[in-house]
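These notes concern the structure reproduced below.
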2 protein chains.
Amino acid sequence: MVSIRDVAKHASVSVATVSRVLNDKGYVSVETRKKVEAAIAELNYRPNEVARSLFKKQSKTLGLILPDIMNPFFPELARAIEDTAAKLGYTVILCNSDEDEEKAQRYLDILLQKYVDGIILASNTIREKTIRELNIPVVCIDREISKDIPTIVVDNKKGARTATQFLKDKGRKRIAHIRGPFDVSNANERCEGYLGIVSSEDWFTESYIINGNYHMETATKVALALLQSHPEVDGIFAANDTMAIGAMKAAYQHGLKVPEDISIIGFDGIALAKASIPELTTIEQPLYALGQKAAKVLIQLIEGQEIEKSFHQFDVQLVEREST
Amino acid sequence: MVSIRDVAKHASVSVATVSRVLNDKGYVSVETRKKVEAAIAELNYRPNEVARSLFKKQSKTLGLILPDIMNPFFPELARAIEDTAAKLGYTVILCNSDEDEEKAQRYLDILLQKYVDGIILASNTIREKTIRELNIPVVCIDREISKDIPTIVVDNKKGARTATQFLKDKGRKRIAHIRGPFDVSNANERCEGYLGIVSSEDWFTESYIINGNYHMETATKVALALLQSHPEVDGIFAANDTMAIGAMKAAYQHGLKVPEDISIIGFDGIALAKASIPELTTIEQPLYALGQKAAKVLIQLIEGQEIEKSFHQFDVQLVEREST
DNA sequence: TTGTAGGCGTTATCAC
DNA sequence: GTGATAACGCCTACAA
């Protein structure tokens, strides 16, 4: 690897001068600059980012900690973050935490040791205090940890209301809800939204709320049980698309036609929703925009720019397809 | 951030000694070691990886360049790679190349500047020469660039033969193929496999091979056109699952029932295949194992261990579900 | 306008 | 056994 010293020698100047033209800082005569640039080109020199990082105490690297990139919700987010980061000169380290606090903590340590400039975090196990102690900018996404930490989320409650109301408007009389995990904030918000619409209905009972874990298989199982015990159910709002697909499977297994016999609506707007047959009606999150925003805010924070506001709640949109 | 110097001072020893206990290298008396360890614990000291990297010229970081993490084929691969890397003490930088040579090249440069220790590459735009010039270990995955570069792939041809033969065995008489892009090696291999089974059939014509691009929408379009112009087609082997789903959509749009009127089989075994209704029969790749192997081989290469062989071709497995 | 030199936090080579 | 000290490649006072 050719170093700044080689360039200096080649151009018969000092390393300081080379550094100056490299960073466009300080005075350099046009002539010397040209000489240096020629040397750089000739030697195909590229500054060593590690040395730079050591000196500057920052690495132009972001950490991205999410539960599991295999969860179809995250790839689009990750892509948006990576795109935006790249555009702004940053690189991103991918970490899968599996919602495991210890694992997340380990990644946090490693990222710190590697001098990452900031972290984007989708987690419900990490607490505010831990984040504060990191002493580097952190942006939370999808899951809110504290109002005092920059956060990019979506209006879950409103989206859930929209979904439930939509089912009602479609003439559905008994609307059930497959909720997400209790320790995930958005799952609780979505459940609240659902309740906001149905809790005053005379038919409503708690048994219309069944517990899912955001995964398909479990959703199929619990939905099937629901359909068996409550054959009157004619509409399901699942707290995410994956579970909605699971519910569709359950409906078929139970001999029900979607959407003729039962309407199913999801939440998230992942690619899967468009790939299912019938295609899934869902509450679509602007996933790419969320990721983009997260990266932008984080980098602003890193670069010390003033942030207008730190809590961003995006709107969500009903996309009607074939399952309702 | 507390540095090795702070620890040294705290333990009243020299930095050299601290370094020795840190790396378990050289002689350190039990007593001093204990002192140092106490100081480390007390100050909660963690060595600075950047400084380490600078000195050692390696960063315990891997680069992962793939076309697009949003393509459902890649998350599982990425996850396996990240898991394995983490277990072995490495971290991974995610890069999306969009099959764009220039973009990939840019990432390569950046990764080099960051001293990554090795790169895992899924690309068909980068040439062998470019890889050689990197002067760091590279392993290719999913797409073969050269027999001389460590590569992890699957027996595409055989898998394609299996798929096509399976359709035949199911009694399908006119089997079409939606192929992948011409510049992707596995697409060509899969097409060859298909041809191996059908090219000698008397009904076979080139018009049974239609061009897809591994994406769903296009597949739906071309499959629909095929079904219209060739209503006799009763089986489709799509070169990947995403296109197989697209073909299912086309079948439904055309008024055909799957699998009653037409059988459809995919390739890859992505999660989507299990989520579709009906569930997709497919040729399943051991995705996680592939990623794991890639990471392991790369790290072996990095750590200078001898590699038994560098070209790994995994077997593929027919998974029969509901679409055939 | 340019060069010298010290330091970022580690590791490794020598002395002692 | 332990401690100075010179790298690693870069940046930035400070001098010249």
Side-chain angles (χ1 to χ4, degrees), chain A residues 1-37 39-40 43-61 89 109-117 135-136, chain B residues 1-37 39-40 43-61 89 109-117 135-136:
Chain A
M1 264 254 133
V2 19
S3 87
I4 196 172
R5 238 181 293 272
D6 303 317
V7 178
K9 210 169 294 175
H10 199 86
S12 333
V13 298
S14 75
V15 293
T17 306
V18 178
S19 176
R20 282 190 198 99
V21 347
L22 240 37
N23 301 293
D24 241 340
K25 226 174 225 172
Y27 301 100
V28 181
S29 75
V30 196
E31 217 174 327
T32 358
R33 154 163 279 126
K34 258 196 273 188
K35 261 200 308 188
V36 172
E37 276 163 352
I40 289 177
L43 300 179
N44 190 24
Y45 165 75
R46 329 236 63 208
N48 178 325
E49 280 303 326
V50 176
R52 244 181 199 175
S53 294
L54 181 59
F55 183 87
K56 307 242 240 153
K57 291 180 182 309
Q58 47 144 307
S59 58
K60 290 279 179 185
T61 303
D109 286 346
I110 294 173
L111 293 176
L112 238 39
Q113 286 185 53
K114 296 211 172 182
Y115 269 169
V116 299
D117 301 335
N135 278 316
I136 59 170
Chain B
M1 264 255 132
V2 18
S3 85
I4 196 173
R5 238 179 291 272
D6 303 317
V7 178
K9 209 168 294 173
H10 200 85
S12 330
V13 297
S14 75
V15 293
T17 306
V18 179
S19 178
R20 281 190 200 99
V21 349
L22 240 37
N23 301 293
D24 241 339
K25 229 177 223 170
Y27 300 101
V28 181
S29 75
V30 195
E31 216 175 329
T32 6
R33 155 163 279 125
K34 259 196 273 187
K35 260 199 311 187
V36 172
E37 276 164 352
I40 289 176
L43 299 179
N44 190 23
Y45 163 75
R46 329 236 62 210
N48 179 326
E49 280 303 326
V50 176
R52 252 184 191 168
S53 296
L54 180 60
F55 187 87
K56 306 244 236 148
K57 291 178 180 313
Q58 47 142 307
S59 58
K60 290 281 180 182
T61 304
D109 286 347
I110 294 173
L111 293 177
L112 239 37
Q113 286 184 54
K114 297 210 172 184
Y115 269 167
V116 298
D117 301 335
N135 278 317
I136 60 171

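So you know, we letter chains A, B, ... as the sequences are listed, proteins then strands, and number each from 1. This is a predicted model, so every value here is computed, not measured.
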Rounded to whole Å, CD of B/E49 lies from C1' of C/dG9 at a distance of 11 Å
- Task: Pick base, sugar-phosphate or nothing for B/S53, based on heavy-atom distances below 4.0 Å to the nucleic acid.
- Result: nothing
Closest to the side chain of A/T32, out of D/dA4, C/dT2, C/dT11, is C/dT2
Report yes if some heavy atom in the side chain of A/N48 is under 4.5 Å from a heavy atom in the side chain of A/M1; otherwise report no. no
Quick note, B/S19 side chain, CB onward, closest among C/dT11, D/dC10, C/dG3 is C/dT11
Side-chain donor or acceptor of A/R20 under 3.5 Å from a matching atom on the base of C/dG3?
yes
**Report entry** side-chain N/O A/K25 vs D/dT12 OP1/OP2, d < 4.0 Å
**Finding:** yes
Of A/F55 and B/A51, the one whose closest nucleotide on DNA chain D sits nearer the 5' end is B/A51
>> Does C/dC8 have OP1 or OP2 under 4.0 Å away from a side-chain N or O of B/S3?
In response: no
If you look at every strand shown and take non-hydrogen atoms under 4.0 Å, does A/V13 touch a base, only sugar-phosphate, or nothing?
-> sugar-phosphate
Whole-Å distance, A/Q58 CD to D/dC10 C1', equals 13 Å
Q) Is the shortest distance from a Lys or Arg side-chain nitrogen in A/R52 or A/E49 to a carboxylate oxygen in the other one below 4.0 Å? A) yes
In whole angstroms, the gap separating P of C/dT13 from NZ of B/K56 amounts to 12 Å
Taking side chain as C-beta onward, heavy atoms only, is A/V7 less than 4.5 Å from A/L22?
-> no
Here the distance between atom C1' of D/dG3 and atom CD1 of B/I4, to the nearest Å, is 13 Å
Notebook entry, point to check: Is B/T17 touching bases, backbone alone, or none of the nucleic acid, heavy atoms closer than 4.0 Å?
Noted result: sugar-phosphate
Separation of C/dT10 atom P from B/K60 atom NZ, nearest Å, is 17 Å
Scanning both residues in full, the closest heavy-atom pair of A/V2 with A/Y45 reads O-CD1, 3.3 Å
Out of D/dC11, C/dC8, D/dG3, minimum distance to the side chain of A/V15 belongs to D/dC11
Rounded to whole Å, the CG-C1' distance (B/L22 to C/dT10) equals 9 Å
With the side chain defined as heavy atoms from C-beta on, B/R5 is closest, among D/dG1, C/dT10, D/dC10, to C/dT10
Problem set entry | Any donor-acceptor pair under 3.5 Å from B/K114 side chain to A/S59 backbone | yes
Between B/Y27 and A/P47, the residue closer to the 5' end of DNA chain D by nearest nucleotide is B/Y27
